[in-house]
Amino acid sequence: MRQVFYNMTPGKYSSYVILALAVFFLSTSGIFAKVAQAPSGIIAFYRLLVAAVALLPLLLCKRENREQLANLPCKLFFTGILSGFILAVHYVLWFESLKFTSVASSVVLVTLQPLFTILGSYLLWQESCSRGGLLGCLLAIAGSVIIGWGDFAVSWRAFLGDVMALVAAAVIAGYFLIGQQVRRSLGVIPYSVLGYSSGAFFLGLYSLACGNAFIGYTQQTWLCFLGLALVSTILGQLIFNWLLKWLSANVISMSILGETVGTCFLGYVLLGEVITLQQFIGIVGILCGIGIFLYQKDK
């Protein structure tokens with residue numbers, strides 16, 4: 001089974017199915033992070049650390065993975081470390097923004113990442129986006145805005161949080177753009193272990209600087225750390241890294257907008273949160289926008 005996974009080249013529609021499943025698993029991150037009783041830096045640290053440790057046997061037990069990492073050119077090695085640093089910066093900015101602004105405002109601004117990805121793809125590789133694709137992107141983003149519109153706050157403190165969330169969106173776009181290039185010559189396991197472990201290292205330094213404790217948390221919080229690593233990261237973000245060999249960063253970034261839909265659904269099922277009419281309209285907008293973007297991409 002493991003060998004099939006490594007050698008499998010997904011078709012166009014099977015790629016989209018796998019991508020949808022990965023987005024759903026990524027949607028659990030909001031639930032786990034909300035339940036975990038720990039500082040944001042610690043949550044992100046254990047998310048990446050446990051994911052890297054869980055993937056380590058796959059790295060060490062497969063000869064191809066070991067050889068790729070051992071023979072990795074310096075440029076690719078430091079690029080992998082850079083991707084981990086960028087991921088760590090994204091988590092810090094996003095989580096810290098929640099201290100200044102509302103959750104909804106922060107999430108809405110972070111979901112602007114497809115615009116940065118599309119712009120970056122055009123500037124770096126002249127990868128253009130059709131008018132229909134851009135329309136789908138804007139429709140999906142509008143759906144996210146509709147979901148969080150009622151929670152926008154007006155104050156300088158909230159504005160600072162909004163700016164941090166916006167920068168976090170640009171940063172994560174850079175992570176996927178780097179991944180799109182590196183994954184052409186590096187397997188998903190070596191790339192992910194290198195990125196996650198370096199990201200955990202930088203987050204560990206950040207947590208130390210903030211004076212956050214690394215132990216002393218409840219059993220429920222430790223289970224949330226495991227859930228974030230094994231479900232949200234390995235079944236979610238790792239699959240994005242894998243698909244970057246066949247799908248563009250634009251497609252991956254756009255599809256992640258569906259995380260808002262998955263989070264709303266899981267909040268309703270697991271936390272008893274009510275889906276309002278406003279949220280429902282926003283969900284429909286997101287799904288339609290993603291559908292239009294993918295349809296235009298395949299024309």
Novice: Would you mind reporting whether P190 and L72 have side-chain heavy atoms less than 4.5 Å apart?
Specialist: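 Not touching, per the 4.5 Å side-chain cut-off.
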
Novice: Do I281 and L277 make a side-chain contact, defined as non-hydrogen atoms from C-beta onward lying under 4.5 Å apart?
Specialist: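 Yes, their side chains come closer than 4.5 Å.
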
Novice: Could you check F293 against L139 for side-chain contact (heavy atoms from CB on, under 4.5 Å), going step by step and ending with a plain yes or no?
Specialist: CA-CA 9 Å; F293 182 88; L139 178 59; over 6 Å; no

Novice: Hey, does F240 have a side-chain heavy atom less than 4.5 Å from the side chain of L26?
Specialist: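 In short, these two side chains touch, coming nearer than 4.5 Å.
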
Novice: Verify side-chain contact (heavy atoms from CB on, under 4.5 Å) between L87 and Q237, making sure each step is shown before the conclusion.
Specialist: CA-CA 11 Å; L87 193 59; Q237 193 175 73; 3.6 Å; yes

Novice: Mind checking whether L135 and L138 sit in one hydrophobic cluster, side chains of I, L, V, M, F, W, Y counted as touching below 4.5 Å?
Specialist: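 L135 and L138: separate clusters.
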
Novice: What is the minimum heavy-atom distance between L247 and S15, and which atoms define it?
Specialist: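 It is CD1-CB, 4.1 Å.
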
Novice: Please check if the side chain of Q37 supplies one atom and the backbone of Y217 the other of a donor-acceptor pair under 3.5 Å.
Specialist: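 Between the backbone of Y217 and the side chain of Q37 there is no qualifying donor-acceptor contact (under 3.5 Å).
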
Novice: Using a 4.5 Å cut-off on heavy atoms from C-beta on, say whether the side chain of I239 contacts that of L19.
Specialist: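 No, every pair of side-chain atoms sits at 4.5 Å or beyond.
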
Novice: Is there side-chain contact between L238 and L55, with at least one heavy-atom pair below 4.5 Å?
Specialist: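 In contact.
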
Novice: If you round to the nearest 0.5 Å, how far is OG of S83 from OH of Y196?
Specialist: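 It comes to 9.0 Å.
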
Novice: Quick one: pull up CD in Q181 and OG1 in T79 and give me the separation to the nearest 0.5 Å.
Specialist: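 If we round to the nearest 0.5 Å, Q181:CD and T79:OG1 are 10.0 Å apart.
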
Novice: Are the side chain of T28 and the backbone of F25 linked by a donor-acceptor contact shorter than 3.5 Å?
Specialist: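 Between the backbone of F25 and the side chain of T28 there is a qualifying donor-acceptor contact (under 3.5 Å).
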
Novice: With a 3.5 Å distance limit and no angle check, can you tell me whether R66 reaches the backbone of L60 through a side-chain donor-acceptor pair?
Specialist: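 Pair found, side chain donor or acceptor close to backbone of L60.
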
Novice: Take L243 and I252 through the side-chain contact (heavy atoms from CB on, under 4.5 Å) test and state the conclusion after the steps.
Specialist: CA-CA 8 Å; L243 288 171; I252 300 292; 4.0 Å; yes

Novice: Say you draw a straight line from CG of N71 to CG of L76; how long is it, rounded to the nearest 0.5 Å?
Specialist: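 Here the rounded value is 12.0 Å.
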
Novice: When you compare the side chain of V284 with that of F280, does any pair of heavy atoms fall below 4.5 Å?
Specialist: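 Yes. Closest side-chain heavy atoms under 4.5 Å.
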
Novice: Is there side-chain contact between F77 and P73, with heavy atoms separated by less than 4.5 Å?
Specialist: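 They are not in side-chain contact.
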
Novice: Please report the C-alpha distance between F201 and I81 in whole Å, then the side-chain angles of each, then the deciding distance to 0.1 Å, and finally whether the side-chain contact (heavy atoms from CB on, under 4.5 Å) criterion is met.
Specialist: CA-CA 10 Å; F201 172 77; I81 292 179; over 6 Å; no

Novice: Is the CZ atom of F202 crowded by more than 12 outside heavy atoms at less than 6.0 Å?
Specialist: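 Check passes, neighbour count above 12.
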
Novice: Kindly compute the distance separating CG (L223) from CG (L228), expressed to the nearest 0.5 Å.
Specialist: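 Between atom CG of L223 and atom CG of L228 there are 11.0 Å.
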
Novice: Where the side chain of H90 meets the backbone of A168, is there a donor-acceptor pair that is under 3.5 Å apart?
Specialist: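 Checked: pair present.
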
Novice: For F32, look at atom CZ and say whether over 12 heavy atoms of other residues, nucleotides or ligands are found less than 6.0 Å away.
Specialist: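 Atom CZ in F32 is packed in, count exceeds 12.
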
Novice: Using 0.5 Å steps for rounding, measure from the CD1 atom of I286 to the OG atom of S255.
Specialist: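 Output value for this atom pair is 12.0 Å.
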
Novice: Check residues 41-49 and write down every donor-acceptor pair under 3.5 Å in which the side-chain atom is one partner and the other belongs to a residue at least two apart or another chain.
Specialist:
unit_1 : atom_1 : unit_2 : atom_2 : d
Y46    : OH     : F214   : O      : 2.5
R47    : NE     : Y91    : OH     : 3.3
R47    : NE     : T233   : OG1    : 2.8
R47    : NH1    : Y91    : OH     : 3.4

Novice: Rounded to the nearest 0.5 Å, how far does CG of N65 lie from CG of L186?
Specialist: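 Result: 8.5 Å between the selected atoms.
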
Novice: Is there a side-chain contact between T117 and Y175 (heavy atoms, below 4.5 Å)?
Specialist: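 No - every pair of side-chain heavy atoms lies 4.5 Å or more apart.
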
Novice: If the condition is salt bridge (Lys or Arg N to Asp or Glu O under 4.0 Å), which residues does R63 pass it with, not counting sequence neighbours?
Specialist: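 Salt bridge (Lys or Arg N to Asp or Glu O under 4.0 Å) check on R63 returns E67.
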
Novice: Tell me whether S197 contacts the main-chain N or O of L194 through its side chain, where contact means a donor paired with an acceptor under 3.5 Å.
Specialist: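 Side chain of S197 to backbone of L194, a donor-acceptor pair under 3.5 Å: yes, one is there.
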
Novice: Strictly distance-based, threshold 3.5 Å: is any side-chain N or O of S198 a donor or acceptor partner for the main-chain N or O of G195?
Specialist: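 Side chain of S198 to backbone of G195: a pair is present.
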
